[in-house]
Amino acid sequence: MSTDDLFRDGLPVLPLADAHDDTHDDAHGCACGTDGCEDVEIDLDDYLAEIAGQLPPVVPSEPVAYDAVLLVGFGGPEGQDDVLPYLRNVTRGRGIPDERLEEVAVHYRAHGGVSPINDQNRELRAALETELARRGLDLPVLWGNRNWDPYLADTLRSAADAGHRRLLAIVTAAYSSYSGCRQYREDLAGALEATGLTGTLHIDKVRQFFDNPGFVAPFVEGVRAALDRLRTHGDVRVLFATHSIPTAAAEVTGPQTGPDGPVGWADGGAYEAQHYAVANAVMAAVDDSVPWELVYQSRSGDPRTPWLEPDINDRLAELAADPDERPDAVVIVPLGFVSDHMEVLWDLDTEALDTCAELGLPAERVPTPGVHPAFVAGLVDLVAERTAAPTRVPTQATCGAAGVLGPWYDRCRPDCCPDPRGRVLPTVAEDVG
């Protein structure tokens, strides 16, 4: 089952364990993954509810008296001389020659060699400090990156030197995937080992926040405003865009086993299901009569390797060429992204909007959450539900969830989002019970 066939006219074709009985017709193919059963089309809401019922139960963590918050980012270059060293960091271990990296470097060089992501994290750090102080939570906010200065190891050394011992990490990635969750937890464990601070510093992590109302609210606001402006053109279609990942990696995102057996994820795993849940919640809050779909961007690597599809530019061309589906305008929603970093500025604001212009489709790109007050407040809610501070009002039970798949796990399941290369590395914040 290909990803672009996963949802047809809003109806997913899904590998559900109870989608057939023992009397099925062996002459047809089945989405359940066995030979001989007809594809079953069910409503998106039904699929999400089915999956939610199969997941392991969420057990809230006991409150902890953390002494600092650690904002964990991806990192980005801050000048032309930084671009190649940064890209080498991002691709370390893959043997990619510099001439290939220069093909990507053009995106940064067109912006003076500067990614906006570091300044955005500086702004987010300051906003978090302000909101924490407003609520009476006396927690400094530290900041470290995976791929550029300030590196995680340097930040952890400084934290230990300042006397900090228990850190609560906020990773700037909302959804479940290897690169968006487990790899960061590996990075944190690796930085502890590299600095000799394993056993001295204890690091936990707030849960994936795709479902948090503070993350969803800015998208609701942005989609509503864009629809109001673009409806003057006629029929509008909403395209929710997120980073594509290899299909094989997507399939194993999220817990793979629940209390009653395997979790019946569709081919995109938890990564895709979480995006569908959030997009569904956004459109339910705005106008569920407007057609929408999930599209992908920013794929890289070997073109022979299957990645999640459809690509946003390919899908725009398909829509424009189909007289029955061609919209009069398009809203592009960067649903997979926390801030307006390079993959938003280049892949959406440059490439996708250029595609829309070439196809004669009026289009707007909705803002990312950035430092929207609702988003900042939502992140602090996630901190507050994990702390032992006397002002701990929001809790895991009352913080709320915009989608049926949340709230997610404080400590990730051991079978969730494994390394696509098969490596098993130490992590922090993993459920080992």
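Computed from a predicted structure; not experimentally measured.
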All pairs passing side chain to side chain donor-acceptor pair (under 3.5 Å) where residues 355-365 contributes a residue, at least two apart: Arg229-Glu364, Asn313-Thr355, Asp340-Arg365, Asp349-Arg365
Let me see the working for Val236 and His233 under side-chain contact (heavy atoms from CB on, under 4.5 Å), right down to the final yes or no. CA-CA 8 Å; Val236 183; His233 296 280; 6.0 Å; no
Drop me the distance from Cys356's SG to Leu348's CG, to the nearest 0.5 angstrom. 10.0 Å
For side-chain contact (heavy atoms from CB on, under 4.5 Å), just list the numbers for Cys412 and Cys181, CA-CA rounded to whole Å, side-chain angles, deciding distance to a tenth of an Å, and then say yes or no. CA-CA 9 Å; Cys412 292; Cys181 183; 3.5 Å; yes
Which value, rounded to the nearest 0.5 Å, describes the distance between His243 atom NE2 and Ser179 atom OG? 7.5 Å
Inspect the contact between Arg231 and Asp328 and indicate whether a charged nitrogen and a carboxylate oxygen are less than 4.0 angstrom apart. no
Exercise: identify the closest heavy-atom pair between Pro57 and Pro259: CD-CG, 3.9 Å
Work out which heavy atom in Arg326 is nearest to a heavy atom in Gly360; give both atom names and the distance. NH2-O, 3.5 Å
Note, Arg421 side chain near Tyr178 side chain (heavy atom, < 4.5 Å): yes
Output for pair (Arg185 CZ, Leu425 CG), nearest 0.5 Å, gives 11.5 Å
Can you sort out the partners of Trp346 under ring-ring contact (aromatic ring centres under 6.0 Å, His included), two or more places apart, ordered by chain and number? His107
Give a yes or no on whether the ring-centroid distance for Tyr108 and Tyr86 is below 6.0 angstrom. yes
Mind listing the closest non-hydrogen atom pair of Gly73 and Asn121 along with its distance? CA-ND2, 4.0 Å
Indicate the atoms forming the closest heavy-atom contact of Ala248 with Val252, along with that distance. O-CG2, 3.7 Å
Indicate yes or no: does Arg207 engage Glu385 in a salt bridge with an N to O separation below 4.0 Å. yes
Under the criterion side-chain contact (heavy atoms from CB on, under 4.5 Å), I'd like the reasoning laid out for Val295 against Phe240: C-alpha separation, chi angles, the key distance, then a yes or no. CA-CA 6 Å; Val295 295; Phe240 289 95; over 6 Å; no
So which heavy atom on Leu405 is nearest to which on Ala52, and how close? CD2-N, 4.0 Å
Parallel, tilted or perpendicular: which describes the rings of Tyr175 and Phe210, with under 30° parallel and over 60° perpendicular? parallel
Donor-acceptor under 3.5 Å (Ser244 side chain, Ser298 main chain): no
Scanning both residues in full, the closest heavy-atom pair of Thr155 with Trp143 reads OG1-O, 2.7 Å
Thinking salt bridges, do Glu186 and Arg182 make one under a 4.0 Å N-O criterion? no
